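Numbers restart at 1 for each chain; the letters A, B, ... are given by sequence-line order, proteins then strands. What you are looking at is a predicted structure, and each value in this text was computed from that prediction instead of being measured.
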Amino acid sequence: MVSEEEQVTNEAIADRLASMSRLLVIAGDDRHRSGAYERAARQVERLALPVAGLGEEELIRIPGIGERIAGEIREIAQTGSFQELDDLRAVVPESLIALLEISGVGPRTLHLLWKRLGILTLDDLERAVKSRRVRKLPGFGAKKEEMIARGIRQSRDRPDRMTRPQAGALVARVAALFLDGEHAVAGSYRRGAPTIGRVAIVTTAAPDGLADRIAAVAGGAPLSVRFTEPARYGTALLCATGSAGFLERLGEAALARGYRLSPDGLVDADGRLHTFASEEEVFAFLGMEAVPPELREDRGEVELALRHALPDLIDLCDVRGDLHSHTVWSDGRQSLEDVAEAGDERGYEYIAITDHSSKVSPEALAKQRAAIEQINRGHDCELLCGSEVDIRSDGSLGYENRVLADLDLVIASVHSGFAQDQDVLTRRILTAMENEHVDIIGHPTGRLLDRRPPYAVDLERVMAHAAETETALEINSSPHRLDLEDIYIQQAKKRGVKLAAGTDAHRTGEFANMRNGIMLARRGWCAPDEILNALSLSGLLEWRS
DNA sequence: GCCGTTTTCGGCCCGACTGTTTTCAGTCG
């Protein structure tokens, strides 16, 4: 009998089940069977109570876990693995699992690469591509080989940075070790960066014995913790927040006044330390405006703060609605009613329903409008009848003009042909902007932070044309996209292009992602009047006309 | 493999798009 301490964690059990799932895929087994293991793994991962402590009958009551997997979970709890997995591991090399992550390589392809070319690792695959052996496989060709080559490059180039949800999960794990009010998040996470290289935390807790527990919780993830005391908290937080460039400029400003900036405080010419309990006190002492964390990127903000001329930034409370959402009418998990309720809860004036044109026929769209009108009678938040219409590979749109003309809001987005060259892809978007019914270009670069680089779009041309055609550019606020990037937001606004923050919410919880988009808008130095959805409903409708 | 039930086995989300071949594999949302 294993003691409570040594009990196999849910994470470990989920990991074995997920391994089983992937090995089954590569082995060419029935995909539904592998899917069952995948679902069981997700289920175990999500459960709060330790699954290793449950009996077989209790396990079977968990949805997605049947008699077979229940028995295997018991086996994992006792031995750390299970027979069927071990048998499969003896047949399918585990190094192949990583290759499934490569774009262009699915289970079928991987099966052939392994059996026909003996490929086991990323290096093997790269060699096979270079020597043009892949294109000779049955059903393969030069394009397929190029696609795999691209996938390999992408996976090699993928920077080792965390998404905000990943960093947030790490922060939450560490935060559980502190008492209330004892810590703050600093670093690029606090500055609102789209991805985070290292999570930084400042704490006033006593360091005794904490370091080991923090290291254990972090599990090797990049994390730095600065211990300080309440009286020195201001400079400690300031220095831990960065950025390096901002701190350099701030240090120069301090030096001009006779002080050296350090995490402990400001040191004067006589070596005396002045300490500060808050960042505001540091800024005030230096005779500056307090610089919001999102601006601390060394883009001229220190100079402006010294002149008390920082820009007026948009706040979350300025937001009057959401311009991008999906429902069960396409690939969302929420009903129209759910969206209206979420809008009421958030005190929004409006939310645009923008289901995919590819999933909603013009006839269904007319029905959706009727349903929306019905629902609008019962809510303060008005649902707008919009669409996220595909910009097809040839630049045409997913709906005809007569359909677009009836909509309250039209987002046009690229969802296919990501590998097109820059000129072709850019021209698709320019063409879409020329359509008088298109209001917003959705997720302008198409990047997925943990999975896919941007497509080859010339944003200079897009921004120039957006200004000409008075088309807005989206700030997609999904933490996996965060698209447009802040430097382009800043450039777009300088050209007079409106920015439209939308969450792309597929379920009600995701409307809260608006805070990401507003953080990004702030990083792009946006004032409320540059953000489309800071307009009232009547203002928005007026902008469209 | 799980589920639901038509309690014994068929369905598991899916339609558009792309590339490479004429029937499918992979990607996309």
Side-chain angles (χ1 to χ4, degrees), chain A residues 17-18 20-21 23-44 59-73 82 84-85 88 99-113 134-151 154 324-333 354-361 364 387-394 396-399 411-420 424 428 442-443 446-448 451-452 455 476 478 480-481 483 504-507 510:
Chain A
L17 295 174
M20 181 71 188
S21 166
L23 291 174
L24 283 170
V25 164
I26 300 166
D29 207 297
D30 176 42
R31 68 194 168 97
H32 299 300
R33 187 163 168 240
S34 69
Y37 277 98
E38 179 65 32
R39 269 192 303 281
R42 294 286 83 83
Q43 201 63 253
V44 168
L59 286 169
I60 289 173
R61 266 184 250 128
I62 299 168
I65 294 174
E67 209 174 315
R68 180 87 172 245
I69 292 183
E72 287 168 346
I73 289 176
F82 60 100
E84 211 182 354
L85 175 62
L88 203 51
L99 298 186
L100 273 181
E101 297 295 311
I102 294 165
S103 177
V105 178
R108 194 78 205 158
T109 297
L110 186 53
H111 192 79
L112 279 175
L113 291 171
V134 172
R135 65 175 67 188
K136 297 197 185 78
L137 289 171
F140 286 49
K143 291 236 173 139
K144 174 86 181 165
E145 193 176 69
E146 277 159 31
M147 187 195 278
I148 292 173
R150 231 182 358 258
Q154 278 175 25
H324 192 159
S325 71
H326 296 273
T327 71
V328 290
W329 289 68
S330 65
D331 62 347
R333 293 277 175 274
T354 54
D355 279 311
H356 294 284
S357 61
S358 58
K359 297 228 174 192
V360 184
S361 68
S387 173
E388 182 179 15
V389 57
D390 283 339
I391 302 174
R392 297 206 192 100
S393 293
D394 60 0
S396 66
L397 298 175
Y399 289 137
I411 303 173
S413 305
V414 169
H415 288 130
S416 62
F418 293 172
Q420 287 176 342
V424 173
R428 279 167 77 185
H443 43 73
R447 70 175 184 180
L448 288 178
R451 269 196 316 126
R452 189 176 68 206
Y455 32 68
N476 191 292
S478 158
H480 299 287
R481 291 190 181 271
D483 184 8
D504 209 346
H506 284 68
R507 51 192 81 213
E510 291 171 3

Checklist entry - Hey, mind stepping through Q154(A) and S103(A) against side-chain contact (heavy atoms from CB on, under 4.5 Å) and telling me if it holds? => result CA-CA 8 Å; Q154(A) 278 175 25; S103(A) 177; 4.3 Å; yes
Checklist entry - In the structure shown, which nucleotide is the Watson-Crick or G-U wobble counterpart of dT8(B), with both distances under 3.5 Å? => result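 Partner of dT8(B): none found under 3.5 Å.
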Taking only the [atom1] atom of each, what is the distance from [N] to [M] in whole angstrom?
N       : M       : atom1 : result
dT6(B)  : dG10(B) : P     : 15 Å
dA16(B) : dT22(B) : P     : 22 Å
dC13(B) : dC28(B) : C1'   : 14 Å
dC14(B) : dT21(B) : C1'   : 23 Å
dT20(B) : dA25(B) : C1'   : 10 Å
dC2(B)  : dT8(B)  : C1'   : 14 Å
dC9(B)  : dG19(B) : C1'   : 37 Å

Checklist entry - Going by atom types only, do H326(A) and E510(A) share a side-chain donor-acceptor pair under 3.5 Å? => result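 Per modelled atom types, H326(A) and E510(A) side chains form no pair under 3.5 Å.
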Checklist entry - Is there a donor-acceptor contact under 3.5 Å linking the side chains of D390(A) and H356(A)? => result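 There is no such pair (donor and acceptor under 3.5 Å, judged by atom type) between the side chains of D390(A) and H356(A).
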Item to check | Ion pair check, E72(A) and R68(A), cut-off under 4.0 Å | outcome: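 Looking at R68(A) together with E72(A), the answer is yes, because their closest N to O distance falls below 4.0 Å.
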Item to check | Integer-rounded Å distance: dG1(B) C1' and L24(A) CG | outcome: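 Taking atom C1' of dG1(B) as the reference, CG of L24(A) is at 9 Å.
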Checklist entry - Who are the salt bridge (charged side-chain N to carboxylate O under 4.0 Å, His left out) partners of R452(A), not counting sequence neighbours? => result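 So R452(A) forms no salt bridge (charged side-chain N to carboxylate O under 4.0 Å, His left out) with any residue.
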Checklist entry - When you check every protein heavy atom under 4.0 Å of nucleotides 19-29 of chain B, what one-letter string (B, S, -) results, 5' to 3'? => result SSS---SSSSB
Checklist entry - How does each nucleotide of nucleotides 2-8 of chain B score, in 5' to 3' order, for protein heavy atoms under 4.0 Å: base (B), sugar-phosphate only (S), or none (-)? => result SS-----
Next on the checklist: Applying a 4.0 Å non-hydrogen cut-off, can you work out what E72(A) is touching in the nucleic acid: base, sugar-phosphate, or nothing?
Outcome noted: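 Since no nucleic acid heavy atom lies under 4.0 Å of E72(A), the category is nothing.
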Next on the checklist: Under 4.0 Å, counting only non-hydrogen atoms across every strand here, what does D30(A) touch: a base, just sugar-phosphate, or nothing?
Outcome noted: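 It contacts base atoms.
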Next on the checklist: Ignoring hydrogens, what is the shortest heavy-atom contact between A412(A) and L397(A)? Give both atom names and the distance.
Outcome noted: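 Scanning both residues, the minimum pair turns out to be CB-CD2, 4.3 Å.
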Item to check | side-chain contact (heavy atoms from CB on, under 4.5 Å) assessment of T109(A) paired with I148(A) | outcome: CA-CA 10 Å; T109(A) 297; I148(A) 292 173; 4.2 Å; yes
Checklist entry - Just by distance, do the side chain of R447(A) and the backbone of D483(A) share a donor-acceptor pair under 3.5 Å? => result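 Between the backbone of D483(A) and the side chain of R447(A) there is no qualifying donor-acceptor contact (under 3.5 Å).
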Item to check | Gap separating the CG atom of L17(A) from the CD atom of E38(A), nearest 0.5 angstrom | outcome: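 L17(A) CG to E38(A) CD: 9.5 Å, rounded to 0.5 Å.
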